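Structure first, commentary second.
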Amino acid sequence: GTVVMNCLSGLIMEKLDLTFADITDVEIGALAKALPLASTQQLASTSPKKLDLDGNPFGNDGFHRLIVGMGKMEVPMTHLSVGGCQSITTVPTEINQLTSLKGLNLSYCTSLISLPEEIGELTSLEELILSECTSLISLPTEIGQLTSLKVLDLRVCASLISLPEEIGELKSLKYLYLRECTSLISLPEKIEEVKSLKFLFLKRCTSLKGPDAVISALKKNGCKVFHD
């Protein structure tokens, strides 16, 4: 791809390093204007359809502008990482515009409380990473519409109390990480219906009650369960 390095209006930056193929400077500029980056930070992408913005200080408004801007780009994004963006409390409903998204990383977004129901429209999504989202209370029932999802990472989501029964509709799910979900009380019974599940991680889920029957059923399906 072409490496674009320039100063874009609306940004105070020492370096802008974008490696995009088939994305115009105008599109990059429009996207970059949404991001209030500090002077020493870089906006970097190592492949044409992947955007890594881990640790950027934008809040809900900046995140909203970013998602709307991405939805208008001619080259669809397949991966978005905004891990460690600790001011984000919610995900914009316009996330449903990113229909080609295969990977979404929101790990360490410690102020994130919830996901919108529109997340269910991302039917190409294969990986949803929410580890260390310590304020996340629940998942929307529409999570069950993510029929391509293979990895759901909820490690150390310490405020998560329960999972929706619609988890049982994730027919492609292989890895479910729930380690140290210390407020999680129970597992949905319908999780037994996820025949594709290969690994379930439950260690140090200290509030979990009565999981034995579910665990037994999953093991019969060939799932490896790691628990205390």
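These numbers were taken from a predicted model, which means no experiment stands behind them. The analysis underlying the following values was restricted to heavy atoms, covering all of them including side chains, and did not include hydrogens, waters or symmetry mates.
- The CG atom of Leu115 sits 10.5 Å away from atom CD of Glu142, with the distance rounded to the nearest 0.5 Å.
- Using a 4.5 Å cut-off on side-chain heavy atoms (C-beta onward), Leu98 and Leu125 make no contact.
- For Ser111 against Gln86, the heavy-atom pair with the smallest separation is OG-O, 2.7 Å.
- In this structure, Pro116 and Ile95 have side chains that are in contact, with non-hydrogen atoms separated by less than 4.5 Å.
- Within 6.0 Å of NZ in Lys219 there are more than 12 heavy atoms belonging to other residues, nucleotides or ligands.
- The environment of OH in Tyr108 is sparse: at most 12 heavy-atom neighbours from other residues, nucleotides or ligands sit within 6.0 Å.
- The two atoms that bring Val68 and Glu94 nearest to each other are CG2-CG, 3.9 Å, heavy atoms only.
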Exercise for review: Under the side chain to side chain contact (heavy atoms under 4.5 Å, CB included) rule, what do Asn105 and Asp54 come out as? Steps first, then yes or no, please.
Suggested key: CA-CA 9 Å; Asn105 176 24; Asp54 287 357; 4.0 Å; yes

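- For Ser124 (side chain) and Lys102 (main-chain N/O), no donor-acceptor pair under 3.5 Å exists by modelled atom type.
- Remark: side-chain polar atoms of Ser148 are not paired, donor with acceptor, to backbone N or O of Glu126 under 3.5 angstrom.
- Counting only distance, with no hydrogens or angles, the side chain of Thr134 and the backbone of Ala158 share no donor-acceptor pair below 3.5 Å.
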Practice item. Could you walk me through whether Leu51 and Leu66 pass side chain to side chain contact (heavy atoms under 4.5 Å, CB included), step by step? Key: CA-CA 11 Å; Leu51 190 60; Leu66 170 68; 4.2 Å; yes

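- Salt bridge annotation for Glu180-Arg204: present, with a cationic side-chain nitrogen under 4.0 angstrom from a carboxylate oxygen.
- The shortest non-hydrogen separation linking Cys223 to Leu197 is CB-O, 3.3 Å.
- Cluster membership check: Leu208 shares its hydrophobic cluster with Ile215, using side-chain heavy-atom separations under 4.5 Å among Ile, Leu, Val, Met, Phe, Trp and Tyr.
- The shortest side-chain heavy-atom distance between Val151 and Leu173 does not fall under the 4.5 Å cut-off.
- Arg179 forms no cation-pi arrangement with Phe201, by the criterion of a distance under 6.0 Å to the ring centre and an angle within 45° of the ring axis.
- Counting heavy atoms of neighbouring residues, nucleotides and ligands inside a 6.0 Å radius, atom CD of Glu189 does not exceed 12 of them.
- Note that CE of Met70 and CZ of Arg65 are 15.0 Å apart. Values are rounded to the nearest 0.5 Å.
- Each of Leu170, Ile167, Leu152 was scored for a side-chain contact (heavy atoms from CB on, under 4.5 Å) with Leu146, with one residue passing: Leu170.
- Gln97 places none of its side-chain heavy atoms less than 4.5 Å from the side chain of Ile67.
- Note that CD1 of Ile161 and OG of Ser183 are 6.5 Å apart. Values are rounded to the nearest 0.5 Å.
- For the pair Asn221 (side chain) and Val194 (backbone), a donor-acceptor distance under 3.5 Å is absent.
- With hydrophobic clusters built from ILVMFWY side chains whose heavy atoms lie under 4.5 angstrom apart, Leu178 does not share a cluster with Ile129.
- Panel note: side chain Asn96, backbone Glu118; no donor-acceptor pair is recorded below 3.5 Å.
- In this structure a side-chain-to-backbone donor-acceptor pair under 3.5 Å is missing from Asp61 to Phe63.
- In this structure, the side chain of Thr78 does not engage the main chain of Leu101 through any donor-acceptor pair within 3.5 Å.
- Taking all atoms of both residues into account, the shortest heavy-atom contact from Glu169 to Gly144 is CB-O, 3.5 Å.
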Check your understanding: Please walk me through it: do Leu154 and Leu139 pass side chain to side chain contact (heavy atoms under 4.5 Å, CB included)?
Key -> CA-CA 10 Å; Leu154 295 162; Leu139 297 177; 4.0 Å; yes

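- For the residue pair Asn60 and Ser87, the shortest heavy atom distance occurs at OD1-O, 4.0 Å.
- When atom types are taken as modelled, the side chain of Ser172 and the backbone of Thr147 share a donor-acceptor pair closer than 3.5 angstrom.
- Checking side-chain atoms of Ser196 against main-chain N and O of Lys171 turns up a donor-acceptor pair under 3.5 Å.
- To the nearest 0.5 angstrom, Leu200 atom CG is 13.0 Å from Tyr175 atom OH.
- Rounding to the nearest 0.5 Å gives a distance of 4.0 Å between CG of Leu128 and CG of Leu130.
- Shown here for Ile191 and Leu218, the closest heavy-atom pair between the two residues is O-CD2, 3.5 Å.
- Here the straight-line distance linking atom OG1 of Thr110 with atom CG of Leu136 works out to 11.5 Å at 0.5 Å rounding.
- With hydrophobic clusters built from ILVMFWY side chains whose heavy atoms lie under 4.5 angstrom apart, Phe199 shares a cluster with Tyr177.
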